[in-house]
Amino acid sequence: MNFVSWKMQKEIAADLKLIYTSATVELAEQRLTEFEGKWDKDYQAIGLSWRRNWARVIPFFDYPPEIRKVIKTRSSFPTDEAATKLFYLALRNISKKWTMPIRDWKAALNRATSL
């Protein structure tokens, strides 16, 4: 997004959100193709970057939506164990500061304990 015109950042970010909030890998890939069709003329590097890193993105879709909403990190995970450890530590640290439960927390917690 650093090289995107500030006037276009909101629209491009919204289109990218459609990709990473997709319910399935197949839908995400379809939305990425649509993104490329819309934006490749002016911002081809964005689509190319997503394609180059697609193998790193798709494991995210293995998690149900409740878990994806809770994950708020920009780190990369070399292994599944690393992702699980970071998820556990984040939950432990954030729970100390809670005054009210977050939306969909019970569903996320139920899914997390069944992983």
N/O donor-acceptor pair under 3.5 Å between Ser22 side chain and Thr24 backbone: no
Pairing residues for Asp40 by the side-chain contact (heavy atoms from CB on, under 4.5 Å) criterion, not counting sequence neighbours: Glu36, Gln44
Considering residues at least two apart in sequence or located in another chain, which fulfil the side-chain hydrogen bond (donor to acceptor under 3.5 Å, both in side chains) criterion with Ser49? none
Partner residues of Lys17 under the salt bridge (charged side-chain N to carboxylate O under 4.0 Å, His left out) criterion, sequence neighbours left out: none
Those residues at least two apart in sequence (or on a different chain) that pass side-chain hydrogen bond (donor to acceptor under 3.5 Å, both in side chains) with Glu34 are Gln30
Is it true that Glu26 and Arg31 have a side-chain N and a carboxylate O under 4.0 angstrom from each other? no
Residue list, side-chain contact (heavy atoms from CB on, under 4.5 Å) with Arg56, at least two apart or on another chain: Asn53
Taking the hydrophobic residues Ile, Leu, Val, Met, Phe, Trp and Tyr, and joining any pair whose side-chain heavy atoms are under 4.5 Å apart, which ones share a cluster with Ile12? Met1, Val4, Met8, Leu16, Ile19, Tyr20, Val25, Leu32, Phe35, Trp39, Tyr43, Ile46, Trp50, Trp54, Val57, Ile58, Phe61
